[in-house]
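Working notes, beginning with the structure itself.
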Protein chains: 2
Amino acid sequence: MSVAIENFVKAIYKNNNNDVNDTKPGNIAKKLGISNAAATDMAKKLAAKDILNYEKYQALQLTNKGEKMALNVIRKHRLWEAFLHKTFDMTLHEIHREAEFLEHETSNFLANKISDYLGNPKFDPHGDPIPNENGEITTIDTSISLSNTQEGKQYIISRLMSDDKEFFDFCALNGLKYGNSILVTKQFSKNKMTQISINNNTILLNEDFTNIIYVNDTN
Amino acid sequence: MSVAIENFVKAIYKNNNNDVNDTKPGNIAKKLGISNAAATDMAKKLAAKDILNYEKYQALQLTNKGEKMALNVIRKHRLWEAFLHKTFDMTLHEIHREAEFLEHETSNFLANKISDYLGNPKFDPHGDPIPNENGEITTIDTSISLSNTQEGKQYIISRLMSDDKEFFDFCALNGLKYGNSILVTKQFSKNKMTQISINNNTILLNEDFTNIIYVNDTN
DNA sequence: ATTAATTTTTAAGCTTACTTAAATTTTTTA
DNA sequence: TAAAAAATTTAAGTAAGCTTAAAAATTAAT
């Protein structure tokens, strides 16, 4: 499959979360930086290949085949991220940037080699789940966003849901890393800010950040 | 630069050894598995970009710029080979196959990370020299083909110049590996065969193989 | 419930990287 | 050295993956 097709199914898969309209051609086009016309064109082509269901003016929906394709690319992306992070100690932004290219030129053979080497991890350094060889994500995500945490409680960072360099730089600078422990010291409900303590530092985070930082209860 | 262009300049660079005619469009076409017409087409395009010199019916010649491009791709290819071989213990055939794709989607940034990680090696697992970041190959090759070795002398394997799976399988099976030591026990000049001793095994090699196995004198 | 704004689709056209077929030039060989 | 063979080039055409512009349909707003 071509890079264009792989990116297309990936974009649909990733947009398929909240609003049904998020997988309409225009939104996929915006995500990929192509024209709406190009997205419609591609949608028709992929429908003919049974990769997605296309009906005029409706949202695009991946078939089983299409979803498998998307998960296969996402698997390779996240395996590369995990591998580059571990091996070369590259930043969250750098690993994403490189994986974005490598994912399309990686055989299943090599993907499995990487996975084995890493001990078949279930999460990448952003906390995103890594699908297995069959495109299955077995792990149940029990994490909540930092916005919904309670004052005085301890949490483990489980996901940094972004691809923004500025955000990652901020996280790296402040020890906000997958697996690290934090204490929520204050929730300012009025202005939607959260104060946390990490490595003996106190940090105040606004809603933009607390919405994309996910954590697990330490029990 | 596109994959097609990178492969084109690479093919010219690699064919530019013995016969001048080896870089004529037809031979490049054959190497790349495209039609002669396509090769001529591409040659004209690249000439317009000052990547090579094109004159009707003449052999193609890379400009400085074109050669730099070729060496940059070759550098990435060989770094990947070295890395995959070391990290995943993949065979010479497997590393070549994967590197053939990865080389086109590797940033200079990542290439340097890989190089640093490996200790900036000067040779890949086939014994092929790895150009540095500036496209320079500093090492002087003093190796000779096994066909030209002398009876009773000890040599170090310095290069396995092939991309044939069968050959690599044979090498792996018999310990014929970059850096390994061998003793030339007999040269059968009449039928152009060479008998060697390696790991207490005696192997008889025909011309096809002795021509592509290079060695260095142990002095 | 119309009107306005937005989105989607259609249509026409472009570039890249190929193809095959025919014409031309070069090279080989007898 | 002239004819035959081979290689190269030109010409015409194709598919993928885009573009812009205009038409059609949907969605939002008053």
Side-chain angles (χ1 to χ4, degrees), chain A residues 1-13 15-16 18-62 65-66 69-70 73 100-101 103-105, chain B residues 1-13 15-16 18-62 65-66 69-70 73 100-101 103-105:
Chain A
M1 287 297 128
S2 72
V3 172
I5 294 178
E6 288 188 347
N7 280 331
F8 203 85
V9 295
K10 201 175 102 177
I12 296 174
Y13 181 88
N15 266 20
N16 193 26
N18 315 310
D19 192 345
V20 193
N21 292 326
D22 288 350
T23 64
K24 281 195 169 181
N27 290 316
I28 301 302
K30 198 175 290 171
K31 187 150 190 166
L32 295 175
I34 61 177
S35 68
N36 287 5
T40 300
D41 244 40
M42 181 61 95
K44 284 187 194 169
K45 271 188 210 163
L46 298 190
K49 293 185 180 183
D50 190 36
I51 289 168
L52 53 78
N53 296 315
Y54 171 71
E55 279 187 85
K56 268 193 186 184
Y57 303 106
Q58 303 302 307
L60 306 176
Q61 292 189 302
L62 293 176
K65 184 178 165 189
M69 282 182 53
V73 183
E100 205 65 17
F101 293 103
E103 62 183 11
H104 303 296
E105 301 302 335
Chain B
M1 287 298 127
S2 72
V3 173
I5 294 178
E6 289 188 347
N7 281 331
F8 202 86
V9 295
K10 201 175 103 177
I12 297 174
Y13 182 88
N15 265 20
N16 193 27
N18 315 310
D19 192 344
V20 193
N21 293 325
D22 288 351
T23 64
K24 281 194 170 180
N27 289 316
I28 301 302
K30 198 175 290 170
K31 187 149 191 168
L32 295 174
I34 60 177
S35 69
N36 287 4
T40 300
D41 245 39
M42 181 61 94
K44 284 187 193 169
K45 271 187 211 164
L46 298 191
K49 292 184 180 185
D50 191 35
I51 288 169
L52 53 76
N53 296 316
Y54 171 71
E55 278 186 85
K56 270 193 184 184
Y57 302 107
Q58 303 303 307
L60 305 176
Q61 293 189 301
L62 292 176
K65 185 178 163 188
M69 282 179 54
V73 183
E100 205 66 15
F101 293 104
E103 63 182 9
H104 303 296
E105 301 302 335

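Bear in mind that the values here come from a model prediction, so they are computed numbers and not experimental data. Here is the naming used below: chain letters follow the sequence lines, and residue numbers restart at 1 for every chain.
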Under 3.5 Å, side chain of Lys65(B) to main-chain N/O of Lys49(B), donor-acceptor pair present? yes
Which part of the nucleic acid, if any, lies within contact of Lys24(A), taking any heavy atom under 4.0 Å across all strands shown: a base, the sugar-phosphate backbone alone, or nothing? sugar-phosphate
Heavy-atom closest pair (Ala29(A) atom, Asn36(A) atom, distance to 0.1 Å) is CB-OD1, 3.5 Å
Below 4.0 Å: OP1/OP2 of dT10(D) and any side-chain N or O of Lys44(B): yes
Length of the CG-P vector between Leu46(B) and dT16(C), whole Å: 11 Å
For Asp22(A), does its backbone N or O pair with a side-chain atom of Asn15(A) as donor and acceptor, under 3.5 Å? yes
Between C1' on dT8(D) and CE on Met42(B), what's the gap in Å once rounded to a whole number? 17 Å
Expected output is a numbered-order residue list: members of residues 2-9 of chain B with a heavy atom under 4.0 Å from any atom of DNA chain C. What is it? Ser2(B), Ala4(B)
Quick check on side chain to side chain contact (heavy atoms under 4.5 Å, CB included): which of Ile12(B), Asp41(B), Leu52(B), Leu62(B) does Leu46(B) satisfy it with? Leu52(B)
Consider the side chain of Lys45(A), meaning its heavy atoms from C-beta on, and name the nucleotide among dA16(D), dT19(C), dT8(D) that approaches it most closely. dA16(D)
Euclidean distance, atom CG of residue Asn27(A) to atom C1' of dT27(D) [Å, nearest integer]: 13 Å
Short question: side chain of Asn27(A), backbone of Asn21(A) - any donor-acceptor pair under 3.5 Å? yes
N/O (side chain, Ser35(B)) to phosphate O (OP1/OP2, dC18(C)) under 4.0 Å: no
Spacing of Asp41(B) atom CG relative to dT15(C) atom C1', expressed in whole Å: 12 Å
Output the rounded distance in Å from CD1 (Ile34(B)) to P (dC18(C)). 5 Å
dT8(D) C1' sits how many Å from Asn21(B) CG, rounded? 12 Å
Using a cut-off of strictly less than 4.0 Å, decide whether Thr40(B) has a side-chain nitrogen or oxygen near OP1 or OP2 of dT9(D). yes
Give Ala39(A) one of three labels, base, sugar-phosphate or nothing, depending on what nucleic acid heavy atoms sit under 4.0 Å from its own. nothing
Side-chain N or O of Tyr57(B) less than 4.0 angstrom from OP1 or OP2 on dT27(C)? no
Test Thr40(B) against Lys56(B) for side-chain contact (heavy atoms from CB on, under 4.5 Å), laying out the working first. CA-CA 9 Å; Thr40(B) 300; Lys56(B) 270 193 184 184; over 6 Å; no
What is the distance, to the nearest angstrom, from the CD atom on Gln58(A) to the C1' atom on dA25(D)? 11 Å
Using a 3.5 Å distance criterion without hydrogens, assess whether the side chain of Thr23(B) forms a donor-acceptor pair with backbone atoms of Ala59(B). no
Per nearest nucleotide of DNA chain D, the residue lying toward the 5' end, Ala37(A) or Lys56(A), is Ala37(A)
Calculate the interatomic distance between Asn36(B) atom CG and dC18(C) atom P; express it in whole Å. 13 Å
